[in-house]
Amino acid sequence: MICEDRLEPINALLDGELGPPDAALLAAHLADCPSCRKLLAELGQLRNDLSQLIPERDAPSRLQAKIEAALDAQAVVRSPVANKLMHVASRMPIMGRRGQRLGWAAAALVIAAMTAALLAPRHNETVDFAGVRDAVLRSSVSESSVAAEPAPVIAGFQLVAARRDLVAGHVAQVLQYLRSGKTITLCIWAANGEPAHVVKNATYRGMVIRYWNDGDREYWAASARPGLGLDMLVARLTKG
């Protein structure tokens, strides 16, 4: 069951409007609430999917006002999940060529597409790539807001920072290791039924990523300055 009092902070997190103290509280809740974790992951993936399909353009203010008024009028009879879907849709960019408006028929199609996307059982690694990259970029300015779990000790690497954070909808352990002046960020979260796999390589928006799953946890090592250090860290982790 989704916790209704968490819908607002989840929405704020997806909008990039949740401050560090509230994000820490939400992270603590998500650690114990699989329903809210599932909702956050699905909505994050949904937004990413739709952003690839729909060109971004701001909706006219009058249309936004009409949508918000309609949502307020109907909110009392919809379920929490339906309210969340409608709220996300109301904040979506308008689609189409210059001068076109998003009519109610098109809005209904968007809602249908969103619902179908939520029900589709697939794992989109692009969402994880984006989340890991964001975690790396935040690492240089973030303080540990929630006590992290014990971190892996990796020979030849110095652990310089640790925190618990939300990464692509996952409650994750985010660790920073230093070697030869280069920083490598390691994100670890529960596999949650995802199948185990060997180390895979990816580059996402300038970030070099190595990721694998041991059947219990997923590991995502990333660096904006690739080199032997990243591969060495991965090799020592997977060997152990």
Side-chain angles (χ1 to χ4, degrees), residues 2-3 5-48 123-154 157-179 182-194 202 204-214 216-225 230 233-234 237:
I2 297 170
C3 307
D5 61 329
R6 303 294 176 174
L7 291 177
E8 189 63 29
I10 286 175
N11 174 69
L13 179 68
L14 291 170
D15 290 339
E17 299 173 356
L18 195 65
D22 291 331
L25 292 175
L26 182 58
H29 172 75
L30 290 171
D32 298 321
C33 183
S35 294
C36 288
R37 286 201 305 271
K38 184 173 183 289
L39 177 65
L40 178 61
E42 288 173 338
L43 290 175
Q45 178 173 313
L46 175 62
R47 288 190 176 203
N48 183 76
H123 180 76
N124 187 345
E125 289 182 337
T126 303
V127 176
D128 294 330
F129 294 153
V132 169
R133 178 180 183 274
D134 182 59
V136 173
L137 297 178
R138 289 203 311 272
S139 292
S140 61
V141 296
S142 297
E143 296 291 338
S144 298
S145 54
V146 179
E149 302 173 11
V153 176
I154 307 173
F157 292 83
Q158 178 187 2
L159 179 67
V160 294
R163 71 181 191 276
R164 189 164 69 175
D165 204 345
L166 295 174
V167 181
H170 306 278
V171 178
Q173 188 179 12
V174 180
L175 311 167
Q176 275 186 283
Y177 292 90
L178 186 66
R179 178 184 173 87
K182 293 185 178 181
T183 300
I184 299 171
T185 300
L186 177 65
C187 300
I188 307 173
W189 61 75
N192 292 322
E194 290 291 329
Y204 180 81
R205 297 180 63 183
M207 194 70 61
V208 179
I209 301 173
R210 305 284 186 264
Y211 60 107
W212 67 99
N213 181 329
D214 64 5
D216 181 44
R217 295 184 176 185
E218 293 197 21
Y219 297 81
W220 298 72
S223 176
R225 300 172 61 191
L230 178 60
L233 181 143
V234 172
L237 272 176

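Annotation: side-chain contact (heavy atoms from CB on, under 4.5 Å) contacts of Arg179 (sequence neighbours excluded): Phe157, Met232, Arg236. In terms of the side-chain contact (heavy atoms from CB on, under 4.5 Å) criterion, residue partners of Ala222 (sequence neighbours excluded) are, by chain and number, Val132, Val136, Met207, Ile209. Considering only residues two or more places apart in sequence or on other chains, Ala151 meets the side-chain contact (heavy atoms from CB on, under 4.5 Å) condition with Leu159, Gln173, Leu175, Tyr177.
What you find for Val127 and Ala168 is that their closest heavy atoms are O-CB, 3.5 Å. Closest approach of Glu125 to Tyr211, counting heavy atoms only: OE1-OH, 3.0 Å. The two residues Asn213 and Glu218 come nearest to each other via the heavy atoms ND2-CG, 3.5 Å.
Ring geometry for Trp220 against Trp189 counts as parallel: the plane angle stays under 30°, on a 0 to 90° scale with 60° as the upper cut.
Listed for the Asp165 side chain is no donor-acceptor partner under 3.5 Å among the backbone atoms of Ala135. Arg210 places no side-chain N or O within donor-acceptor distance of the main-chain N or O of Ala221, the cut-off being under 3.5 Å.
Using a 4.5 Å heavy-atom cutoff, the side chains of Val234 and Trp212 are in contact. Put simply, the side chain of Leu25 does not reach to within 4.5 Å of the side chain of Pro9, judged on heavy atoms. Contact of the His29 side chain with the Cys36 side chain is registered, since non-hydrogen atoms from C-beta on lie closer than 4.5 Å. Proximity of Val174 to Cys187: side-chain heavy atoms (C-beta onward) are separated by under 4.5 Å at one or more points. Taking 4.5 Å as the limit, some side-chain heavy atom of Pro152 sits within range of a side-chain heavy atom of Ile188.
Arg217 CZ to His170 NE2: the interatomic distance, rounded to the nearest 0.5 Å, is 14.5 Å. Within the model, atoms CD of Glu8 and CG of Asp22 stand 10.5 Å from one another, a figure rounded to the nearest 0.5 Å. To the nearest 0.5 Å, atom CD1 of residue Ile10 and atom SG of residue Cys3 are 8.0 Å apart.
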